[in-house]
Amino acid sequence: MQLFSIFGNPVAHSRSPLMHNSVFKHLSYKACYTRTLLEDSTKLKETFFKLKLSGANVTVPHKEAAFEACDEVRGFAKKIGVVNTLINENGRLIGYNTDADGFLYAISEFQNIKKVLIIGAGGTAKALAIRFLDEGIKVSVLNRSEGRLAYFQDFGCSVNSWDNFKVSEYDLVINTTSAGLQDTELPAPKEMIEDIFKHTRYVADAIYGKVTPFLALAQEKQLTYKDGADMLLGQGVLANELFVNKKLAKEDIEKYMKASFSL
Ligand code: NDP
């Protein structure tokens with residue numbers, strides 16, 4: 001029996017155990033997926049091996065620490081320095097990132113996206129920004145504070161903190177902050193968000209399972225919006241493929257993971 005887990009703080013809200021266990025159960029794969037509240041990022045690797053995990057997902061606020069903890073990082077994760085999936089490969093910790101491709105899957109129904117505004121400058125923002133740039137999409141980043149913006153500027157994003165932000169035209173605006181996850185906050189001052197919503201066609205939130213104040217405002221302004229559920233599904237399917245080392249068919253993984261959303 002293999003054991004998998006999600007690491008986060010908070011982690012109680014995470015649907016990942018339901019999603020992965022639904023796949024394992026329906027496809028008779030001998031594995032179990034649990035959750036681990038991790039307060040100290042520096043203990044990630046030690047805890048992973050102490051629990052004898054075969055693999056794990058990593059969520060807020062440990063994704064950058066997960067990158068540092070890996071013995072080897074593969075694919076897109078290497079480019080962005082952010083890891084959301086860990087695999088135990090013969091005692092070595094291997095890191096991947098499945099968030100960005102999960103998000104592209106989630107917004108595939110949004111047409112003609114050429115310019116995106118990302119609110120927030122954490123791990124999720126990095127993954128999305130770099131993936132969008134790879135697709136030739138222009139990316140602006142708006143964050144509460146200055147500190148994390150230089151990273152995005154170096155990759156060619158236009159960057160602003162709340163203090164010097166001027167609105168422009170966007171096709172899609174995404175909240176990648178944790179504002180609204182456990183509180184009733186907007187990811188930027190209300191007047192700023194209202195102004196932004198006058199200049200976009202689509203709105204998305206990385207947070208799933210609830211209508212955040214950000215999405216409630218989008219709804220009020222009659223914009224087309226979606227929460228992070230499809231992103232969660234997309235990143236989960238790709239992570240599960242890594243967990244089972246491609247021993248299960250992707251269509252089956254997707255089918256049973258999706259089924260868990262109605263539980
Ligand atoms: P990080 O901790 O790496 O980044 C947090 C960012 O949010 C920072 O830029 C921070 O700004 C900003 N921020 C935090 N709180 C507030 C606030 N109250 N108001 C304004 N800005 C704020 O987080 P992640 O990037 O890992 O995750 C962000 C969110 O995305 C989480 O809610 C997570 O649940 C969700 N997520 C969903 C996924 C899905 O599959 N649907 C996948 C991945 C993430 P500052 O720099 O000023 O501190």
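By convention here, the first residue in the shown sequence is residue 1. What you are looking at is a predicted structure, and each value in this text was computed from that prediction instead of being measured. Atoms considered below: every heavy atom in the structure, side chains included; atoms not considered: hydrogens, waters and symmetry mates.
No option in Leu86, Ile87, Leu44, Ile94 other than Leu86 meets the side-chain contact (heavy atoms from CB on, under 4.5 Å) test with Cys70. Residue Thr177 forms a side-chain contact (heavy atoms from CB on, under 4.5 Å) with just one option from Ile119, Thr124, Leu142, Ile207, and that option is Ile119.
Contact check on Asp171 versus Lys114 returns no salt bridge, with no Lys/Arg side-chain nitrogen under 4.0 Å from an Asp/Glu carboxylate oxygen. With salt bridges taken as basic N to acidic carboxylate O contacts below 4.0 Å, none links Lys198 and Glu194. Ionic pairing of Asp134 and Lys79 is present here: one or more N-O contacts between side-chain nitrogen and carboxylate oxygen are shorter than 4.0 angstrom.
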When the side chains of residues 232-244 are checked against the rest of the protein, which donor-acceptor pairs come out under 3.5 Å, sequence neighbours left out?
unit_1	atom_1	unit_2	atom_2	d
Gln235	NE2	Leu232	O	2.9
Asn240	ND2	His20	ND1	3.0

Listing, residues 148-155 side-chain donor-acceptor contacts under 3.5 Å, not counting sequence neighbours, or none:
unit_1	atom_1	unit_2	atom_2	d
Tyr151	OH	Ile80	O	3.1

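Residue Leu18 holds its CG atom at 9.5 Å from CZ of Phe261, rounded to the nearest 0.5 Å. Here Lys221 contributes atom NZ and Phe197 contributes atom CZ; the two are 9.0 Å apart, rounded to the nearest 0.5 Å. From Ile130, atom CD1 reaches atom SG of Cys157 across 5.5 Å, with rounding to the nearest 0.5 Å. Here the CG atom belonging to Leu215 is positioned 10.5 Å from the CG atom belonging to Leu223, to the nearest 0.5 angstrom. Atom CZ of Phe132 is separated from atom CD1 of Ile137 by 5.5 Å, given to the nearest 0.5 angstrom.
Both Phe67 and Leu53 are assigned to one and the same hydrophobic cluster, defined by single-linkage of ILVMFWY side chains at heavy-atom distances under 4.5 Å. At a threshold of 4.5 Å between side-chain heavy atoms, the hydrophobic network of Ile, Leu, Val, Met, Phe, Trp and Tyr places Ile6 and Met257 in one connected group. Side-chain heavy atoms closer than 4.5 Å link hydrophobic residues (I, L, V, M, F, W, Y) into clusters, and following such links, even through other members, never connects Val82 to Phe7. Following chains of ILVMFWY side-chain contacts shorter than 4.5 Å, one cannot reach Leu248 starting from Leu3, and the two form parts of different hydrophobic clusters. In the hydrophobic cluster analysis, where Ile, Leu, Val, Met, Phe, Trp and Tyr join through side-chain heavy atoms closer than 4.5 angstrom, Tyr225 is grouped together with Leu186.
Judged purely by atom type and a 3.5 angstrom limit, Asn143 has no side-chain atom pairing as donor or acceptor with the backbone of Ser161. Within the 3.5 Å criterion, the main-chain N or O of Lys247 finds no donor-acceptor partner in the side chain of Asn245. Remark: side-chain polar atoms of Glu191 are not paired, donor with acceptor, to backbone N or O of Pro189 under 3.5 angstrom. Remark: the backbone N or O of Ala259 is paired with a side-chain donor or acceptor of Ser262 at under 3.5 angstrom. The main-chain N or O of Ala121 is never found under 3.5 Å from a side-chain atom of Arg144 such that the two would form a donor-acceptor pair. His62 places a side-chain N or O within donor-acceptor distance of the main-chain N or O of Leu38, the cut-off being under 3.5 Å. Judged purely by atom type and a 3.5 angstrom limit, Lys126 has no side-chain atom pairing as donor or acceptor with the backbone of Gly81.
Within the 4.5 Å cutoff, side-chain heavy atoms of Ile107 are placed close to those of Leu172. A heavy-atom distance below 4.5 Å is not found between the side chains of His199 and Ser168. Considering only heavy atoms from C-beta on, Phe110 stays 4.5 Å or farther from Arg201 through its side chain. At least one side-chain heavy atom of Pro187 sits under 4.5 Å from a side-chain heavy atom of Ile193. Contact check for Phe24 versus Ser22: no side-chain heavy atoms found under the 4.5 Å cut-off. Within the 4.5 Å cutoff, no side-chain heavy atoms of Ile118 are placed close to those of Ser140. No side-chain heavy atom of Asp230 sits under 4.5 Å from any side-chain heavy atom of Tyr208. When side chains are defined from C-beta on, Ile174 counts as touching Val116, because their heavy atoms get closer than 4.5 Å.
The side chain to side chain donor-acceptor pair (under 3.5 Å) pairs that include a residue from residues 87-107 are Lys63-Asp99, Glu72-Arg92, Arg74-Glu89, Arg74-Tyr96, Asn84-Thr98, Asn84-Asp99, Asp101-Arg131, Tyr105-Glu254, where partners are two or more places apart or lie in different chains.
Qualifying salt bridge (charged side-chain N to carboxylate O under 4.0 Å, His left out) partners for Lys45, counting only residues two or more places apart in sequence or in other chains: Asp71. By the side-chain contact (heavy atoms from CB on, under 4.5 Å) test, Glu39 is found to be paired with Asn9, Leu37, residues two or more places apart in sequence or in another chain being considered. For the side-chain hydrogen bond (donor to acceptor under 3.5 Å, both in side chains) test, residues two or more places apart in sequence or in another chain that qualify with Thr42 are Asp40.
Atom NZ of Lys138 sits in a sparse spot, with 12 or fewer heavy atoms from other residues, nucleotides or ligands closer than 6.0 Å. In this structure, Lys258 places its NZ atom where only 12 or fewer heavy-atom neighbours from other residues, nucleotides or ligands lie under 6.0 Å away. The local environment of CD in Glu220 is crowded, with over 12 non-hydrogen atoms from other residues, nucleotides or ligands closer than 6.0 Å. Enclosure of atom NZ in Lys115 by more than 12 non-hydrogen atoms of other residues, nucleotides or ligands within 6.0 angstrom is indicated.
In this model, a donor atom of one side chain and an acceptor atom of the other lie less than 3.5 Å apart for Asp205 and Thr212. With 3.5 Å as the limit, one finds a donor-acceptor pair spanning the side chains of Ser5 and Thr36. For the 3.5 Å distance criterion, the side chains of Ser16 and Asn57 fail to qualify, holding no donor opposite an acceptor.
Across all non-hydrogen atoms, the minimal contact from Ala125 to Gly120 is CB-O, 3.2 Å. For Trp162 against Ala188, the heavy-atom pair with the smallest separation is CZ2-CA, 3.4 Å. Scanning all heavy atoms of the two residues, the minimum distance from Val173 to Ile196 falls at CG2-CG2, 3.5 Å. Minimum interatomic distance between Glu109 and Gln111 (heavy atoms only, all atoms of both residues): O-NE2, 3.3 Å. Here the closest non-hydrogen pair linking Ala100 and Phe76 is CB-CE2, 3.5 Å. In terms of heavy atoms, Ala65 sits closest to Ser41 at CB-CB, 3.4 Å.
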Practice problem: Just do the side chain to side chain contact (heavy atoms under 4.5 Å, CB included) check on Asn164 and Glu146 with the steps written out, would you? | Solution: CA-CA 10 Å; Asn164 57 11; Glu146 285 276 343; 3.9 Å; yes
Quiz prompt | Step-by-step side chain to side chain contact (heavy atoms under 4.5 Å, CB included) determination, Ile113 to Tyr202 | solution = CA-CA 9 Å; Ile113 303 296; Tyr202 300 116; 3.6 Å; yes
Practice problem: Could you go through the side chain to side chain contact (heavy atoms under 4.5 Å, CB included) check for Gln2 and Tyr29 one step at a time? | Solution: CA-CA 9 Å; Gln2 289 180 283; Tyr29 190 88; 2.7 Å; yes
Exercise. Could you check Phe4 against Phe48 for ring-ring contact (aromatic ring centres under 6.0 Å, His included), going step by step and ending with a plain yes or no?
Key: CA-CA 9 Å; Phe4 298 91; Phe48 181 97; 9.1 Å; no
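Ring-plane geometry between Tyr256 and His26 is classed as parallel, the angle between the planes falling under 30 degrees on a 0 to 90 degree scale with a further cut at 60.
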